[in-house]
Structures are given as C-alpha cells and as structure tokens.
J.: 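One structure, as structure tokens, below. Some questions next.
One-based numbering, in listed order, for ligands and for the atoms of each. These numbers come from a predicted model, not from an experiment. Every heavy atom of this structure was used, including side-chain atoms; hydrogens, water molecules and symmetry mates were not.
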Amino acid sequence: MSKKFWVVIPAAGVGRRMQSDCPKQYLDISGKTVLDRTISVFIERKDIEGIAVGIGANDAYWQDSIWAEHSNVHSYVGGSERSETVQNGLSFLLDQHGVTPHQSVLVHDAARPLLPQTALDKILSHDGKFGCILALPCRDTIKQQQQGNATIHSTLDRRLLWQAQTPQCFPVGALKKALEQAVQDGALITDESSAMERLGWQPALIEGDVLNFKITSPDDLMLARAVLR
Ligand SMILES: Nc1ccn([C@@H]2O[C@H](COP(=O)(O)OP(=O)(O)OP(=O)(O)O)[C@@H](O)[C@H]2O)c(=O)n1
Ligand SMILES: C[C@](O)(CO)[C@H](O)COP(=O)(O)O
C-alpha cells in the first residue's frame with residue numbers, strides 16, 4: 001500500500017507584517033481565503049491521510065472556512081510562536097489521531113497557498129532518512145549588511161545558499177523532540193529543519209517553486225491575486 005502522510009498547517013499567526021484588519025490567512029485571493037486555498041492543495045490527494053490545522057486560541061474566522069466541517073480536516077489550538085503551533089500539532093497527531101513517532105509528517109505554512117502539485121509530488125516521493133524540505137536556490141547576488149546600518153558588509157557565495165520553503169518533512173517523534181530541545185535551549189527556530197539541524201540532521205534540499213512564496217506583506221498578497229486573476 002502506498003505511503004500516506006499527515007499535513008500540519010500552522011495557521012495561528014496574527015500577520016503583523018501584513019498590517020491587515022484580519023489575520024492574513026483569512027484574507028481573500030480571488031474568492032477564497034489564503035488558508036482555504038492552502039488546504040485545497042492537499043484535500044483531494046490520495047497520499048494525504050489527514051490535515052491538522054493549527055488555529056489561534058481566539059480565532060473567530062475558522063468556523064467560516066469551507067473546510068471546517070470536512071471529515072479529513074481537523075483543527076487544534078496553536079501557540080504564540082510558529083514552532084509552538086507546530087509542536088502542538090505533532091502532539092495532536094500522536095495523542096488524538098494514532099500517528100506513531102516514526103511516521104513522517106509534512107509541515108506547510110498556511111501562508112503558502114500557491115504550492116504547485118508538482119513541487120508537492122517531489123517532497124512526497126523523497127524517501128531520505130534525514131528528512132527533506134522544499135527550498136529555492138538563490139538566484140540573485142546576496143549581500144550581508146553591516147551591523148546597525150544598511151550598508152554592505154560583504155557578498156556571500158550564493159552557489160551554496162537556498163531559501164527555505166515548506167512543506168518540510170520529518171518523523172513526528174524526532175521533530176517533536178528537536179523542537180522541545182530548541183525551546184529548552186532558547187534557540188531561535190523559524191522552521192522545522194533548523195531544529196533538526198541543531199541535532200545533527202542533514203535534511204535533503206528539494207528544489208521548490210517560485211510560486212510557492214509565502215504571503216508575508218501586502219505586495220505578496222497583490223502578487224498572489226495577480227497570479228490567480
Ligand atoms: N504563532 C504562530 C505564528 C505563525 N504561525 C503560522 O506560521 C506561518 C508562517 O508564519 P508568518 O508568515 O510569520 O505568519 P505570521 O506570524 O502571522 O506573520 P507576522 O510574523 O508578520 O506576524 C503562517 O501560516 C502563520 O499563520 C502559526 O501557526 N503560529
Ligand atoms: C518556515 C518558513 O516559511 C521557511 O522559510 C519561514 O521560516 C517562516 O518564517 P516566518 O517568520 O514564521 O514567516
């Protein structure tokens with residue numbers, strides 16, 4: 001029987017950088033919310049076992065999602081940081097959905113609604129033992145700024161630089177432990193891979209897609225709306 005994966009979708013952010021009236025995952029892109037579009041990427045796939053959506057404790061929007069009542073979509077309460085929302089999602093799968101620690105899970109930002117199926121196919125068909133992430137090789141020349149002012153300190157060798165995307169795929173148990181360890185050590189964790197790397201894991205880099213950009217600021221929303229016009 002072919003392997004099936006759970007997806008954890010962290011959707012408990014407030015979207016400060018978007019400066020919008022509602023959390024950015026509930027903003028409209030051509031008639032559907034960002035979050036509903038993101039869930040739609042996974043909902044019809046036979047290789048997706050279930051979708052766990054981490055929402056804010058005071059989320060008043062989720063109830064209006066077109067997927068809120070779907071039998072394969074399960075919401076849970078996220079946390080004050082993205083990493084906490086992911087941790088809560090892993091505990092939710094282990095404690096309430098019979099997922100075992102060795103099973104691999106995908107974590108995908110709610111704020112990346114344009115993930116192409118072709119990129120998702122690549123991460124789902126990767127069987128590396130050290131996990132894997134979608135990422136984009138840097139195409140521009142990369143500058144590091146001086147500390148304290150916006151002048152150039154140096155130019156980095158871009159041949160070895162990639163921009164991390166999601167989904168990121170790791171065994172549930174190992175990822176949960178790595179995130180807990182990172183919190184315990186007070187480490188700044190902005191993606192799942194960095195927590196695993198701290199413990200010596202070397203996840204595979206799988207080339208993602210420029211369309212799989214994260215909707216962070218107003219210009220990203222404009223771009224997504226232009227793409228789906
Ligand atoms: N406490 C948090 C913070 C973020 N996220 C989710 O993690 C993804 C990527 O985070 P980001 O783009 O930073 O979203 P926000 O934290 O909402 O944005 P900002 O940093 O501008 O407030 C988003 O889908 C967001 O909903 C989450 O589930 N829980
Ligand atoms: C996980 C991520 O999307 C990979 O690039 C990114 O780290 C999320 O960062 P954010 O500050 O929580 O948007």
J.: I need the minimum non-hydrogen distance between S193 and P203, along with the two atoms involved.
T.: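 Of all heavy-atom pairs spanning S193 and P203, the closest is OG-CG, 3.4 Å.
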J.: What protein heavy atom sits nearest atom 22 (O) of ligand 1, and how far off is it?
T.: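 The answer is R16 N, 2.8 Å.
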J.: Between A178 and A195, which heavy-atom pair has the shortest distance, and what is it?
T.: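 It is CB-O, 3.7 Å.
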J.: Specify the closest pair of heavy atoms between T100 and V172, including all atoms of both residues, with the distance to one decimal.
T.: O-CB, 4.3 Å
J.: Which atoms of ligand 1 are found less than 4.0 Å from any heavy atom of A11?
T.: 26 (O), 28 (O)
J.: Are any of the N/O atoms in G54 less than 3.5 Å from those in ligand 1?
T.: no
J.: Return the residue, atom name and 0.1 Å-rounded distance of the protein heavy atom closest to atom 9 (C) of ligand 1.
T.: D109 OD1, 3.7 Å
J.: Are E84 and S80 close enough that a side-chain donor and a side-chain acceptor fall under 3.5 Å?
T.: yes
J.: Considering only the protein, which heavy-atom contact is closest to atom 24 (O) of ligand 1, and what is its distance?
T.: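 Atom 24 (O) of ligand 1 sits closest to the protein heavy atom P10 O, 2.9 Å.
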J.: Work out which heavy atom in P113 is nearest to a heavy atom in T38; give both atom names and the distance.
T.: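 In this case the closest contact between P113 and T38 is CA-OG1, 3.1 Å.
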J.: Looking only at protein heavy atoms, which one is nearest to atom 1 (N) of ligand 1, and how far off is it?
T.: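 The answer is G79 O, 2.9 Å.
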J.: Considering the heavy atoms of A111, write down every atom of ligand 1 situated less than 4.0 Å from one of them.
T.: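 Listed by number with element: 24 (O).
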J.: Taking I215's backbone N and O only, do any of them form a donor-acceptor pair with K24's side chain (distance below 3.5 Å, no angle check)?
T.: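 Yes.
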J.: Name the closest protein heavy atom to atom 14 (O) of ligand 1, giving the residue it belongs to and the distance to 0.1 Å.
T.: K24 NZ, 3.3 Å
J.: Is it true that a side-chain atom of N72 and a backbone atom of I43 form a donor plus acceptor pair closer than 3.5 Å?
T.: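 Side chain of N72 to backbone of I43: no pair is present.
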J.: Work out which heavy atom in A11 is nearest to a heavy atom in V53; give both atom names and the distance.
T.: CB-CG1, 4.0 Å
J.: Between ligand 2 and the protein, which N/O pairs are shorter than 3.5 Å?
T.:
from: ligand 2; atom 1: 3 (O); to: D109; atom 2: OD2; distance (Å): 2.5
from: ligand 2; atom 1: 3 (O); to: R112; atom 2: NH2; distance (Å): 2.9
from: ligand 2; atom 1: 5 (O); to: R112; atom 2: NH2; distance (Å): 3.3
from: ligand 2; atom 1: 5 (O); to: A164; atom 2: O; distance (Å): 2.8
from: ligand 2; atom 1: 7 (O); to: T190; atom 2: O; distance (Å): 2.7
from: ligand 2; atom 1: 11 (O); to: R17; atom 2: NH2; distance (Å): 3.2
from: ligand 2; atom 1: 13 (O); to: R17; atom 2: NH2; distance (Å): 3.3
from: ligand 2; atom 1: 13 (O); to: K214; atom 2: NZ; distance (Å): 2.6

J.: Consider every N or O of I215 and every N or O of ligand 1, then say whether any pair is closer than 3.5 Å.
T.: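 No - when backbone and side-chain N and O of I215 are compared with those of ligand 1, no distance drops under 3.5 Å.
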J.: Quick one: nearest non-hydrogen protein atom to atom 29 (N) of ligand 1, plus distance?
T.: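 Minimum-distance protein heavy atom for atom 29 (N) of ligand 1 reads T85 OG1, 2.8 Å.
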J.: Suppose we measure from atom 16 (O) of ligand 1 to each protein heavy atom; which comes out shortest, and what is that distance?
T.: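 For atom 16 (O) of ligand 1, the nearest protein heavy atom comes out as G13 CA, 4.1 Å.
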J.: Report the relative orientation of the aromatic rings in H97 and W6; use parallel for angles under 30°, tilted for 30 to 60°, perpendicular for over 60°.
T.: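 Answer is tilted, since the angle falls between 30° and 60°.
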J.: Out of R82, K214, R17, indicate the one that has the non-hydrogen atom closest to atom 13 (O) of ligand 1.
T.: R17
J.: Working to the nearest 0.5 Å, report the span between CZ of R225 and OG of S30.
T.: 8.0 Å
J.: Could you identify the single nearest non-hydrogen protein atom to atom 15 (P) of ligand 1 and state the distance to 0.1 Å?
T.: G15 N, 3.8 Å
J.: With backbone taken as N, CA, C and O and side chain as the heavy atoms from C-beta onward, which portion of A110 lies under 4.0 Å from ligand 1: side chain, backbone, both, or neither?
T.: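 Both of them.
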J.: Looking only at heavy atoms, which two atoms of L115 and V41 are closest? And how far apart?
T.: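 Taking every non-hydrogen atom into account, O-CG1, 3.7 Å.
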J.: Are R45 and D121 within salt-bridge range, i.e. N to O under 4.0 Å?
T.: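 Yes, charged N to carboxylate O under 4.0 Å.
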J.: Salt bridge between R82 and D191, side-chain N to carboxylate O under 4.0 Å?
T.: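 A salt bridge is absent here (no side-chain N lies under 4.0 Å from a carboxylate O).
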J.: Residue-level breakdown please: for P23 versus ligand 1, do any non-hydrogen atoms fall below 4.0 Å on the side chain, on the backbone, on both, or on neither?
T.: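 Within the 4.0 Å criterion, P23 makes no contact with ligand 1.
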